[in-house]
Student: 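Can you read through this structure? Questions will come right after.
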Amino acid sequence: MTSHKIAPSILSADFASLADDVERVGEEADLLHVDVMDGHFVPNLTLGPPVVKSLRKCTELFLDCHLMVDNPGVLLADFANAGADRCIVHVELGDPRPLFDELRRLDVGVGLTLSPDTPVDAVLPYLTEIDLLLVMSVRPGFGGQAFIPEVLDKVRAARSAIDEQGLPVEIEIDGGINVETAPSAAAAGVDILVAGSAVFHADDPATAARDIRAAAWPNA
Ligand code: DX5
Ligand code: ZN
């Protein structure tokens with residue numbers, strides 16, 4: 001049984017009007033996806049704990065922080081103190097277990113992610129230790145890229161492994177999600193759809209989020 005959630009990515013919101021944009025997506029958002037980029041792990045620079053702290057004051061939505069940074073370990077306490085509900089770390093950085101331990105100690109949810117070129121075998125050993133598996137469906141770094149359909153094989157493999165073991169791990173997909181691509185992601189077994197440009201570049205973000213959910217899960 002999968003869940004059916006939409007996580008608007010504020011990467012495509014107006015950073016000078018974040019509170020207004022979060023308000024505009026309203027109740028159609030189940031959680032907010034916060035893309036943290038350091039200009040090293042990815043060639044783009046976005047935001048850090050101070051912005052999460054400000055977001056925390058203007059919304060009660062679950063704040064899911066996707067850390068595209070070289071050294072997440074030094075930032076986890078700051079994100080926790082800022083009000084992050086979960087931090088998602090990249091498996092490409094090496095053994096993520098010390099980061100998991102720190103997140104548990106801080107009482108912050110544990111997410112693990114993999115870039116499109118990373119095989120699913122890299123994350124399967126950690127499924128019993130995480131709350132969320134994020135499958136990247138674009139190369140991390142920028143919003144507005146085209147969905148890479150080949151990653152759906154990894155979603156299917158992870159879905160099988162999670163279901164076979166009866167684990168309480170949600171699968172999220174991130175990158176290029178819109179009304180055209182959402183149905184295939186949902187069919188592959190995704191629980192949470194991240195959508196940035198398809199939501200915040202729409203005239204009405206709430207309607208856009210609702211349309212993506214309806215396209216993905218028409219019978220939900
Ligand atoms: C890319 C980010 C995504 C991005 C998705 O590195 O991780 O979360 O915001 O944007 P769209 O939905 O426009 O592909
Ligand atoms: Zn992201």
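Just follow the structure's listing: the first ligand is 1, and inside any ligand the first atom is 1.
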Student: If we set the cut-off at 4.0 Å for heavy atoms, which region of S9 has an atom near ligand 1: side chain, backbone, both, or neither?
Tutor: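 Side chain only; the backbone of S9 stays clear of ligand 1.
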Student: Need the atom name: nearest N/O/S atom of H66 to the Zn ion (ligand 2).
Tutor: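 Atom name of the closest N, O or S in H66: ND1.
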Student: Name the closest protein heavy atom to atom 5 (C) of ligand 1, giving the residue it belongs to and the distance to 0.1 Å.
Tutor: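 The closest heavy atom on the protein side is D174 OD1, 3.5 Å.
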Student: For the Zn ion (ligand 2), find the closest N/O/S atom belonging to D35 and write down its atom name.
Tutor: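 Restricting D35 to its N, O and S atoms, the minimum distance to the Zn ion (ligand 2) goes to OD1.
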Student: Ion pair present between R156 and D153, side-chain N to carboxylate O less than 4.0 angstrom?
Tutor: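 Looking at D153 together with R156, the answer is yes, because their closest N to O distance falls below 4.0 Å.
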Student: Using the side chain to side chain contact (heavy atoms under 4.5 Å, CB included) definition, which of the options L193, L134, L11, L63 pairs with H33?
Tutor: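 Checked L193, L134, L11, L63 against H33; only one passes side chain to side chain contact (heavy atoms under 4.5 Å, CB included): L134.
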Student: Which heavy atom of the protein is the closest neighbour of atom 14 (O) of ligand 1, given with residue, atom name and distance?
Tutor: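 It is G176 N, 2.8 Å.
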Student: Check whether the side chains of H66 and D64 place a donor and an acceptor atom closer than 3.5 Å, and report yes or no.
Tutor: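 H66 vs D64: no donor-acceptor pair found between side chains.
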Student: At a 4.0 Å threshold, what atoms of ligand 1 neighbour a non-hydrogen atom of G141?
Tutor: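 Counting atoms of ligand 1 from 1, those under 4.0 Å from G141 are 1 (C), 6 (O).
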Student: Check the pair I10 / D35 against side chain to side chain contact (heavy atoms under 4.5 Å, CB included), numbers first and verdict last.
Tutor: CA-CA 7 Å; I10 62 160; D35 285 307; over 6 Å; no
Student: Does M37 come within less than 4.0 Å of ligand 1, judged by its heavy atoms?
Tutor: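 It does; at least one heavy atom falls under 4.0 Å.
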Student: Considering only heavy atoms of H33, which atoms of ligand 1 have at least one such atom less than 4.0 Å away?
Tutor: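 Atoms satisfying the 4.0 Å criterion: 8 (O).
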Student: I need the NE2(H33)-the Zn ion (ligand 2)-OD2(D174) angle, rounded to 10 degrees.
Tutor: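 Approximately 90° at the metal, rounded to tens of degrees.
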Student: For ligand 1, which is the ligand I care about here, please tell me if Q145 has any N or O atom under 3.5 Å from one of the ligand's N or O atoms.
Tutor: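 In this structure, Q145 places no N or O atom under 3.5 Å from an N or O of ligand 1.
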Student: Would D35 count as a polar contact of ligand 1, with the cut-off being nitrogen or oxygen pairs under 3.5 Å?
Tutor: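 In this structure, D35 places an N or O atom under 3.5 Å from an N or O of ligand 1.
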Student: Strictly by modelled atom types, are D204 and T207 linked by a side-chain donor-acceptor pair under 3.5 Å?
Tutor: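 On atom types as modelled, these side chains qualify, holding a pair under 3.5 Å.
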Student: Considering only heavy atoms of G175, which atoms of ligand 1 have at least one such atom less than 4.0 Å away?
Tutor: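 Listed by number with element, the hits are 14 (O).
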Student: I'd like to check whether L11 has a polar contact with ligand 1, where a contact means an N/O of the residue lying under 3.5 Å from an N/O of the ligand.
Tutor: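 Among all N and O atoms of L11, none is under 3.5 Å from an N or O of ligand 1.
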Student: Would G196 count as a polar contact of ligand 1, with the cut-off being nitrogen or oxygen pairs under 3.5 Å?
Tutor: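 Looking only at distances, the answer is yes, because the N/O contact criterion of under 3.5 Å is met.
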Student: Taking NZ, NE, NH1 and NH2 as the nitrogens, is one of them in D78 or K53 under 4.0 Å from a carboxylate oxygen of the other?
Tutor: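 Salt bridge between D78 and K53, a charged N being under 4.0 Å from a carboxylate O: no.
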Student: For the 3.5 Å polar cut-off, considering only N or O atoms, please tell me whether G144 and ligand 1 meet it.
Tutor: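 Yes.
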